[in-house]
Asks: 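Pasting a structure below so you can have a look.
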2 protein chains.
Amino acid sequence: MEEIVDTRAPEVSLPADGALERALFQRLSEAIIRGEIPLGAKLSEPALSRQYGVSRGPLREALNRLEERRLVERTPRLGARVVSLSATTFREIYGVREALEGLAARAAAHAMGEADLARLRAILARQEASLEGDGEHAPNALGGMDEDFHVAIARAAGNGLLIGLLCGDLYQQLRLYRSQLRKVAGRGRRAVTEHRRILDAIEDRDPEMAEWQMRRHIAASYTALAPLLGPAASEDLAE
Amino acid sequence: MEEIVDTRAPEVSLPADGALERALFQRLSEAIIRGEIPLGAKLSEPALSRQYGVSRGPLREALNRLEERRLVERTPRLGARVVSLSATTFREIYGVREALEGLAARAAAHAMGEADLARLRAILARQEASLEGDGEHAPNALGGMDEDFHVAIARAAGNGLLIGLLCGDLYQQLRLYRSQLRKVAGRGRRAVTEHRRILDAIEDRDPEMAEWQMRRHIAASYTALAPLLGPAASEDLAE
DNA sequence: CCCGAAAAATCTGTCGACAATCTGCGTCGA
DNA sequence: TCGACGCAGATTGTCGACAGATTTTTCGGG
């Protein structure tokens, strides 16, 4: 009916490698985690296609990858929707996280190189400095540094599969949950203390102690955060 | 060159739901695990498209999911290839498996229902019967029943994320490795004995013992299988 | 006979289009 | 007035086609 005007950019140079799908995946992932796309929102393929200026092909693949990462849910005919938060899922994440990060801490204590150790020390030093300097007025006392600490340990474990599972699947979901629970300030000092104990165990080359401290750290984090999702909070957060 | 005969089914009705992609994923997954597609083989999209009688769209999505499951590797310009086996990857799988299945056994011992328990007993009974009856002449003494046992425990753990990680990611890779190492007969009796110990611990509602037995079971399995991938065996299996 | 370069063929990444289906709304009947 | 039926709009799943790049083949030279 109406004139179909090609409003696309001149496309002087398409990336031409598999970058479009990955860029879409990353942008959508960030948009979901940062809350720009609300939880439970419907992700219409044509709408996103027009919004990001790409066709539906790469967008579909990006949505599929988001589904594998458990950031969106697809129902066969209804399309894709951003996942809703639930206390059950949160508990499951922390259960798996405790097992996997315990393994990571143990492996790191067993075979961490000096370079990774120095990086870990630097991260922890920054966390302690942030705590001393800023006092309490940072919204989340550690910012993204808590994530950095755990990622560094996962990487130092030298297990590619473990790194992929933690950084690819779990940490993204965890960021999603944390971004919705940002009123959680106060555990920063305790968390840094526990980080210090973990690092000490790794420096002592004590795998058992490192794993135990890590598991305890994660269990404590769950105990602190879980009540915020407790009584029917999942519904509140979903809508 | 040759006549291209359309060997597709009459297609009286396309499934019309998201079944094509899932069917392709399942068929390709089985083909790779059963060794019908050799390790390291290049997966040409047009060739598979013609072979399975579908367009490249769903096939691409299936390949993406296979990549997420770590059954194929995609390089930005070269296309998709079946993964090659390596002793390092095998060790990583078993490391993660020990952590996750240890969690599964502990959770199962903590909260396994009577129905799941009965199913687990039935599986173990079949394993023991298979060992008594067939003697030693089965190629892999347990067939697929070892997998069934571990899947049942994972399901009984009641952790959806854990089930997805184990059944979706790890067990598929594990089946790939086992299908290439099928000359491993002999550990069946020992494995069933260890399964019995795990089940006993679960029936006793002893989570610590269940986790410990499971981890020991998996570590023993790794010790038995790892030498087959040891000195430059990865190259042999890859090509 | 072997090596290097150009051209052809093939393949990946991407795009637009079509059939089948589901959602929402208007209309008709009880 | 309320509920059921039917139609229009939009959306998903799938398909064929095109631009860019890579690999292979082939041709010419040393």
Asks: Any base atoms under 4.0 Å from B:Leu43, or only sugar-phosphate, or nothing? Heavy atoms, all strands.
Replies: sugar-phosphate
Asks: Could you state the atom-to-atom distance from NZ of A:Lys42 to C1' of C:dG24 in whole Å?
Replies: 13 Å
Asks: Please give, in whole Å, the distance from D:dT14 C1' to A:Asn64 CG?
Replies: 14 Å
Asks: Which whole-number value in Å describes the distance from A:Glu45 CD to C:dC22 C1'?
Replies: 14 Å
Asks: Quickly work out the A:Arg60 CZ to D:dT12 C1' distance and round it to whole Å.
Replies: 6 Å
Asks: Anything under 30° is parallel, anything over 60° is perpendicular, the rest tilted; go ahead and classify B:His150 against B:Tyr171.
Replies: perpendicular
Asks: So if I take every side-chain heavy atom of A:Val54 and compare against C:dC11, C:dT23, C:dC15, which nucleotide ends up nearest?
Replies: C:dC15
Asks: Is the phosphate of C:dC11, meaning OP1 or OP2, less than 4.0 Å from a side-chain N or O of B:Ser44?
Replies: yes
Asks: Measuring only between side-chain heavy atoms, which start at C-beta, is B:Leu225 closer than 4.5 Å to B:Tyr177?
Replies: no
Asks: To the nearest Å, how far apart are B:Arg81 CZ and C:dC11 P?
Replies: 13 Å
Asks: Crowded around B:Arg121 CZ? As in, over 12 foreign heavy atoms under 6.0 Å?
Replies: yes
Asks: Given that A:Arg56 and B:Arg56 both sit by DNA chain C, which one's nearest nucleotide is further toward the 5' end?
Replies: B:Arg56
Asks: Measure CG/A:Leu20 against C1'/D:dG20 and give the value in whole Å, please.
Replies: 14 Å
Asks: Where do B:Met112 and B:Leu117 come nearest, in terms of heavy atoms and distance?
Replies: SD-CD1, 3.3 Å
Asks: Would you kindly give the OH-to-P distance between B:Tyr52 and D:dT14, to the nearest whole Å?
Replies: 16 Å
Asks: Can you tell me if A:Glu92 uses its side chain to pair, donor with acceptor, with the backbone of B:Leu161 under 3.5 Å?
Replies: yes
Asks: Between the side chain of B:Arg69 and the main-chain N/O of B:Gly168, is any donor-acceptor distance below 3.5 Å?
Replies: yes
Asks: Mind checking A:Gly57 for me? I need base, sugar-phosphate or nothing, with any heavy atom below 4.0 Å counting as a touch.
Replies: nothing
Asks: If an axis is fit to five pairs at each end of the helix from C:dC1-D:dG30 to C:dA30-D:dT1, what is the angle between the two, to the nearest 10°?
Replies: 20°
Asks: Using whole Å, report how far CZ of B:Arg74 lies from C1' of C:dT12.
Replies: 8 Å
Asks: For B:Arg74 and B:Asn64, does a side-chain donor sit closer than 3.5 Å to a side-chain acceptor?
Replies: yes
